[in-house]
Amino acid sequence: MRLFLHIGAYWLMWSLRSLMPRRSRWRGIQFDTLHLRLIKLAVRLETLKRSIRLHLPRSMPDQAILGYALARLPRLVS
């Protein structure tokens, strides 16, 4: 079971990295850096009827790239 969880986590990290723009430094970034800068964040989560809204801190330095990746996320699912 643990192996399946690790495979799923690896696939999610690889997919998030592949959503980045082709010519950016984020495309070849290591998984631990991606984890620390984009996933491990303090956000306020607001659930609406049909969507989820994330309220990021204003001092987040990588806010633009996270918004870009989240906008392209529906491509990954479908």
Side-chain angles (χ1 to χ4, degrees):
M1 182 65 181
R2 214 164 77 178
L3 178 63
F4 288 121
L5 291 175
H6 283 281
I7 290 171
Y10 179 83
W11 181 80
L12 284 173
M13 294 294 285
W14 182 81
S15 300
L16 182 62
R17 190 173 72 174
S18 69
L19 290 174
M20 298 301 167
R22 292 200 186 272
R23 296 181 185 216
S24 73
R25 65 181 176 97
W26 292 93
R27 189 70 173 219
I29 203 165
Q30 293 182 0
F31 284 165
D32 60 341
T33 308
L34 187 67
H35 177 256
L36 288 174
R37 293 209 180 163
L38 294 183
I39 295 175
K40 200 172 180 182
L41 297 172
V43 299
R44 187 171 54 93
L45 188 82
E46 180 182 354
T47 56
L48 304 172
K49 188 173 185 177
R50 292 185 164 208
S51 64
I52 297 173
R53 187 176 294 167
L54 299 174
H55 297 280
L56 297 169
R58 293 178 192 236
S59 63
M60 183 184 162
D62 303 316
Q63 210 169 27
I65 197 70
L66 182 63
Y68 180 82
L70 289 176
R72 292 188 60 182
L73 192 61
R75 277 191 192 173
L76 180 65
V77 176
S78 58

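The first residue of the sequence shown is numbered 1, and numbering continues consecutively from there. From a predicted model like this one, the values you see are computed outputs, not experimental measurements. Heavy atoms only: backbone and side chains are in, while hydrogens, waters and symmetry mates are out.
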**Student:** Starting from Ile7, can I reach Leu16 by hopping between I/L/V/M/F/W/Y residues whose side chains sit under 4.5 Å apart?
**Tutor:** no
**Student:** Looking at CG of Leu45 and NE2 of His55, how far apart are the two atoms once the value is rounded to the nearest 0.5 Å?
**Tutor:** 8.5 Å
**Student:** List the atom of Met20, the atom of Arg72, and the distance in Å for their closest heavy-atom pair.
**Tutor:** O-NH1, 4.1 Å
**Student:** State whether the side chain of Arg17 and the backbone N or O of Phe31 hold a donor-acceptor pair below 3.5 Å, judged by distance alone.
**Tutor:** no
**Student:** Just verifying a value: how many Å separate Tyr68 OH and Ser24 OG, rounded to the nearest 0.5 Å?
**Tutor:** 8.0 Å
**Student:** Check for me, please, whether Ile29 and Tyr10 land in the same ILVMFWY cluster - side-chain distances under 4.5 Å, paths through other members count.
**Tutor:** yes
**Student:** With a cut-off of 6.0 Å (strictly less than), are more than 12 heavy atoms of other residues, nucleotides or ligands near CD of Gln30?
**Tutor:** no
**Student:** If the condition is side chain to side chain contact (heavy atoms under 4.5 Å, CB included), which residues does His6 pass it with, not counting sequence neighbours?
**Tutor:** Arg2
**Student:** Nearest 0.5 angstrom please: Arg25 CZ to Arg27 CZ, how far?
**Tutor:** 15.0 Å
**Student:** Spell out, yes or no, whether Ile65 and Leu36 are grouped together once hydrophobic residues are joined by side-chain heavy atoms under 4.5 Å, including indirect joins.
**Tutor:** no
**Student:** Can a donor-acceptor pair be found, under 3.5 Å and without considering hydrogens, that links the side chain of Ser51 to the backbone of Leu48?
**Tutor:** no
**Student:** For residues Met13 and Leu34, determine if any side-chain heavy atom of one lies less than 4.5 Å from a side-chain heavy atom of the other.
**Tutor:** yes
